[in-house]
Amino acid sequence: MSTYNFKELEKKWSPFWEELNLYKTGDDPEKSNFYCLDYFPYPSGAGLSVGHCRNYIPTDVICRKKKMDGHNVLHPMGWDAFGQPAEEYAIKTGMHPAEVTRINTENYKRQMKLFEAGYDWSREINSSHPDYYRWTQYFFLLLFDRGLAYQSDNYQMYCPSCKIVLSNEESAGGVCWRCNGEVVKKKLPQWYFKITDYADRLLDELDDLDWPENIKAMQRNWIGRSHGAEVVFSVDTEKNGTIDLPVYTTRIDTIFGATFCVLAPEHPELLNIVTDQYRDDVERYIKTSSSKTDLQRLVASEKEKTGIFTGAWAVNPFNGEKIPVWTADYVLSGYGTAAIMAVPAHDERDHAFAKKYGLSVVEVVAPGGVAQGVEDAATVADGELINSGQFTGLSSVDSRKVMADYAVQNGFGKAETRYRIRDWLVSRQRYWGAPIPIVHCDKCGAVPDRNLPVVLPDVESYEPDDSGRSPLAAQEAWVNTSCPRCGAPAKRETSTMAGFACSSWYFLRFVSPHFSEAPFDPEEVKKWLPVDLYVGGAEHAVMHLIYARFWTKVMYDAGMLDFTEPFTSLKNQGMLISYDHQKMSKSKGNVITPDDMVVKYGADALRLYIVFMGPFEAEIEWSEEGLAGTYRFVKRVWNLFLETAEPEDAEIDEAFDRELRYELARTVKKVTEDIDGFQFNTGVAAMMEFLNFLSVNRGKASSAKGTWRKVQKDFLAVLAPVAPFVSEELWHVLGFPGETVHTEPWPQWSSQDLVKNSVEIVVQIKGKIRDRISVPAGASKQQIEEIALGRDKIKEYLNGAVPRRVIVVPGRLVNIIG
RNA sequence: GCCGGAGUGGCGGAAUGGCAGACGCGACGGACUCAAAAUCCGUUGCCCUUCGGGGUGUGAGGGUUCAAGUCCCUCCUCCGGUACCA
């Protein structure tokens, strides 16, 4: 009997499967289609760690099983290849980013093959290739043509350390998503996609998706729809007449408690309403707050809010009262109207501000009809309106509608829905991205260049400068062109698109990666999309996943697709923590690579361990001892199967044969359900349990010869998706039919085999286990009760007492209540 | 603060309201060996035990139920996200 040698098996079967085209996408019209997709990886120079395996191995297992189940499977892989690290490397070394990318993608591919992730490499795509990005540019123009792409020179989030502008999503929390550094505001002309037009649909259509709740919650949070009202306060100014000051509020019911107004320091009317007496102070305040980053502002004002009176007074349209107008940086410029009515009695922030500056507090909502007193703290709860003129006595909830209607009737306000989400800033002043296909013409303005692709030219220097100019701006021969509309001399747009544009449609490209007439072949899209199963980490909840949903809806509106959601079912793998209890990272030097582990334990053991270590979604700490455990399992399978390969002829032991069939059926059922349900850990545990059973009973193999052989066959088949090498080798050694186990039909279990003659159940007295009895499988409740009460042990415990009640759960237990 | 998720042996973790701790790791004991590794067999929640067994136990406290890790209420801790969004 030969010893288990994973290196030999890997050397033998990997090329065999490649020769066989095992991973080629199926196209049998009789079969149903299954599209499984991994997140589009950015090929980093660091290569893959075992952490990445928690993404790629489970999807590979699912796909192998789906194939054996009789599906056509599409499981492609490609590269989100535009992006900063390659560019940074290029800046440092002068090597072309395309070359950097080529080296990195080859390494990724090599590593994926190490653990035998079965991708259809004939469909490999690369977002930095002109054949791909011409279609990214095409979608830019689709958005442009539909009025969903526009230029604006507002304040942007800018990361000084990455020297790059960021979208709102990429700078959540005031820090750069890539380097975690603090972002600053910078005024630069940029291109935006109007994702806010789709806010309602992005929010409402989340409900039916089979996605993790936390991801859906994050998106809902991010979109942040709020229903409220806009109310116009008016200000008589010294020199500029009467200025209307609309404020946004979700609590119009508290408007009789508004005792002052606050404008953001960036409010466009601020300098028009300020009185001469306060002008210097206000200008100084604006300067101070604009010198702070958002993060600094937040941290500072959490301790203590600051602000300054403008000298102006605004009229509350509901009661005609004049209230002072202040400016303070706790009011944000980017949300609502950048102006608020402050109700210190019923808003904590306004309360803190009013207390600091001695502004008055008027209580107008009484929860449960009882005024709570608002000197020390604001009352946020709803209740009955007091001190509110004609609205006094209404409930605060009802009055929101009533008072908004009143404002409409009197022409000073309206109901209004606002969103937290902002438009998607998509342009980057960087070299390594898809050029935005726009030409700027003095006469015609921004004109689409439909002669795609607009090819990224070669440059000498990849370095962006601090002025926010793209390296492309220096390429005069490229920049200077003629206007596609009027032919006059014109200049190309020199920004490129953020990488998230490329990944917003890549899932469509995979169905027809070489199609040259359009971004995708509509027939193939009909066959495969939407994606049945999408797997990746949770970090893209409000970036990639929201952008891709947005583009899909735009394509739907343009009549290109007949579905509105790209990813039917989404799963997030848990993080893998290194042995030092920290995230794996190159800088910490704690990265464990699949390369090392495959050399030491083989691909099968690594694959088994990755899915066995714990629940798929859970964060788990790496343990090489654990991997050694699955290695032992593979070896035990190897040894046992070879040892019992050809049992001698012997008399059949009916009882054992039956038991063996039962254990087989139980295992096949469990593994089938667990793989389908993404419960790989318990599925592997079931195989281990079964192996333990077989191992204990190996001596009886010959007394159940036929069944034993069926056990071997089915066991190898259900093991194959997780441990493809050892199962393939044993499949052939044991002489099972077919070219490869991986195209064999998935084993079925017989429910007949799961029926037992007798079952052991426990007998409890008042919930405590006192005895175990064996009863016929079909026994009635009454029969079971009789058997239980007839037991000596039970009689002893009852000591002649007549049970008050006996609960019988067939197949489980008897509970006697004394 | 708000939203989402989770608290079970020494560790990773299992348990349609029905025998808590499957499976694996680690540890301990034994076999094999000159020895070690590998392998195999056994033990392994905690406490008590006359070795038959008995008690106790799933973050804390209540509740529902014949029966609760699982359902309900209150609270605590941890992880992830988000945070002057008016």
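Per chain, numbering begins at 1; letters A, B, ... match sequence-line order. The structure displayed is predicted, hence computed values, not measured ones.
- Using a 4.0 Å heavy-atom cutoff across all strands shown, A:R422 reaches at least one base atom of the nucleic acid.
- B:C23 and B:U43 are spaced 12 Å apart, taking the P atom of each and rounding to whole Å.
- Using a 4.0 Å cut-off between charged side-chain N and carboxylate O, A:K781 and A:E785 make no salt bridge.
- Phosphate contact (OP1/OP2 of B:G53, side-chain N/O of A:R770, threshold under 4.0 Å): absent.
- Aromatic ring centres of A:W177 and A:F500: separated by under 6.0 Å.
- Regarding the sugar-base torsion, B:G52 falls in the syn class, its angle being within 90° of 0.
- Comparing the same atom, C1', in B:C79 and in B:U65 gives a spacing of 33 Å after rounding to whole Å.
- In this entry B:C34 has no Watson-Crick or G-U wobble partner, no candidate having both defining distances under 3.5 Å.
- Within 90° of 0 lies the glycosidic angle of B:G9, which makes this nucleotide syn.
- Among the atoms of the strands shown, only primed sugar atoms or phosphate atoms (P, OP1, OP2) are found under 4.0 Å from some heavy atom of A:I769.
- By the 4.0 Å N-to-carboxylate-O rule, A:D207 lies close enough to A:R220 to be salt-bridged with it.
- Residues of residues 218-231 of chain A that place a heavy atom closer than 4.0 Å to RNA chain B, in numerical order, are A:M218, A:S226.
- Considering only side-chain N and O atoms, A:Y335 lies under 4.0 angstrom from the phosphate OP1 or OP2 of B:A86.
- Regarding contacts with the backbone of B:U82, every side-chain N or O of A:N214 stays at 4.0 angstrom or more from both OP1 and OP2.
- As a whole-Å value, the separation of A:I610 CD1 from B:G12 P is 17 Å.
- Note on A:D350: nothing from the nucleic acid sits closer than 4.0 angstrom, heavy atoms only.
- B:G61 and B:C73 make up a base pair, with Watson-Crick or G-U wobble contacts both under 3.5 Å.
- The partner of B:C46 is B:G55, judged by Watson-Crick or G-U wobble contacts that both fall below 3.5 Å.
- If you check the side chains of A:D350 and A:Y330, you find a donor sitting under 3.5 Å from an acceptor.
- No contact: A:K670 has no heavy atom under 4.0 Å from any strand.
- Per the geometry, CG belonging to A:N572 stands 14 Å off P belonging to B:A6, to the nearest Å.
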message = Assess the residue pair A:R422 and A:E169 against the criterion (salt bridge (Lys or Arg N to Asp or Glu O under 4.0 Å)); give the C-alpha distance rounded to whole Å, side-chain angles, the decisive distance to 0.1 Å, and a yes or no.
response = CA-CA 9 Å; A:R422 309 292 156 78; A:E169 288 75 20; over 6 Å; no
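- Comparing B:C19 with B:C28, their P atoms are spaced 33 Å from each other, to the whole Å.
- Taking the ring centroids of A:W638 and A:F6, they lie at or beyond the 6.0 Å cut-off.
- Screening A:V365, A:V364, A:I252 for a side-chain contact (heavy atoms from CB on, under 4.5 Å) with A:S396, the sole residue that qualifies is A:V365.
- Between the CH2 atom of A:W622 and the P atom of B:C25 there is a distance of 14 Å, rounded to whole Å.
- Comparing the P positions of B:G55 and B:U49 gives a spacing of 15 Å, expressed to the nearest Å.
- At whole-Å resolution of the value, NE2 in A:H267 and C1' in B:A86 are 13 Å apart.
- Nucleotide B:A22 is matched to nothing when pairs are restricted to Watson-Crick or G-U wobble geometry with both distances under 3.5 angstrom.
- For the pair A:R632 and B:C25, the criterion of a side-chain N or O lying under 4.0 Å from OP1 or OP2 is met.
- B:A36 and B:C25 have their C1' atoms separated by 22 Å, with the value rounded to a whole Å.
- Rounded to whole Å, the P atom of B:C47 lies 28 Å from the corresponding atom of B:C41.
- OP1 or OP2 of B:A14 sits under 4.0 Å from a side-chain N or O of A:N681.
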Protein-nucleic acid N or O pairs under 3.5 Å, nucleotides 69-75 of chain B:
none

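- For the pair A:R418 and A:Y335, the cation-pi test (distance below 6.0 Å, angle within 45°) is failed.
- Nearest nucleotide to the A:P615 side chain, out of B:C19, B:G18, B:A14: B:A14.
- Among the nucleotides B:G24, B:G4, B:U82, the one closest to the side chain of A:A172 is B:U82.
- Looking at A:E624 and A:K600, a side-chain N of the basic residue comes within less than 4.0 Å of a carboxylate O on the acidic one, giving a salt bridge.
- Dense packing is recorded around NZ of A:K216, with more than 12 heavy atoms of other residues, nucleotides or ligands lying under 6.0 Å away.
- To the nearest whole angstrom, the two C1' atoms, one in B:C2 and one in B:U64, are 31 Å apart.
- Looking at heavy-atom distances under 4.0 Å, A:E621 makes no contact with the nucleic acid at all.
- Atom pair A:K305:NZ and B:A86:C1' shows a separation of 11 Å (rounding to whole Å applied).
- Residue A:I620 is in sugar-phosphate contact alone, with no base atom involved, counting any heavy-atom pair closer than 4.0 Å across all strands shown.
- Atom CD of A:E539 is surrounded by more than 12 heavy atoms from other residues, nucleotides or ligands within 6.0 Å.
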For nucleotides 62-67 of chain B, list the nitrogen or oxygen atoms of the protein found under 3.5 Å from its nitrogen or oxygen atoms, one pair per line.
{"residue": "B:C66", "atom": "OP1", "partner": "A:R805", "partner atom": "NH1", "Å": "3.3"}
{"residue": "B:C66", "atom": "O2'", "partner": "A:N815", "partner atom": "ND2", "Å": "3.4"}
{"residue": "B:C66", "atom": "O2", "partner": "A:N815", "partner atom": "ND2", "Å": "2.8"}

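- With hydrogens and angles left out, the side-chain atoms of A:S167 and A:E170 include a donor and acceptor closer than 3.5 Å.
- Between B:G21 and B:G45, the two C1' atoms lie 8 Å apart (nearest whole Å).
- Atom CD in A:E760 sits about 13 Å away from atom P in B:C19, given to the nearest Å.
- Between A:F678 and A:F680, the gap from one ring centroid to the other is short of 6.0 Å.
- No contact: A:V542 has no heavy atom under 4.0 Å from any strand.
- Taking the six-membered ring for Trp and thresholds of 30 and 60 degrees, A:W326 and A:F353 have ring planes more than 60 degrees apart, a perpendicular arrangement.
- Candidate nucleotides B:A86, B:A22, B:G4 were compared by shortest atom distance to the side chain of A:E213, and B:G4 ranks first.
- To the nearest angstrom, P of B:A38 lies 20 Å from CZ of A:F633.
- Here the straight-line distance linking atom CH2 of A:W211 with atom NZ of A:K571 works out to 13.0 Å at 0.5 Å rounding.
- Set against B:G55, B:U16, B:G24, the side chain of A:F612 has B:G24 as its closest nucleotide.
- When both distances must be under 3.5 Å, the Watson-Crick or G-U wobble mate of B:G80 is B:C3.
- Note on A:R420: a side-chain N or O is less than 4.0 Å away from OP1 or OP2 of B:A83.
- The aromatic rings of A:F412 and A:F318 stand perpendicular to each other, their planes meeting at an angle above 60°, with 30° marking the opposite boundary.
- Look at A:K768 and you won't find any side-chain N or O under 4.0 angstrom from OP1 or OP2 of B:G54.
- You'll find that the side chain of A:M688 is closest to B:C23, out of B:A86, B:G4, B:C23.
- Looking at the side chain of A:R636, the nearest of the listed nucleotides B:G4, B:G24, B:A14 is B:G24.
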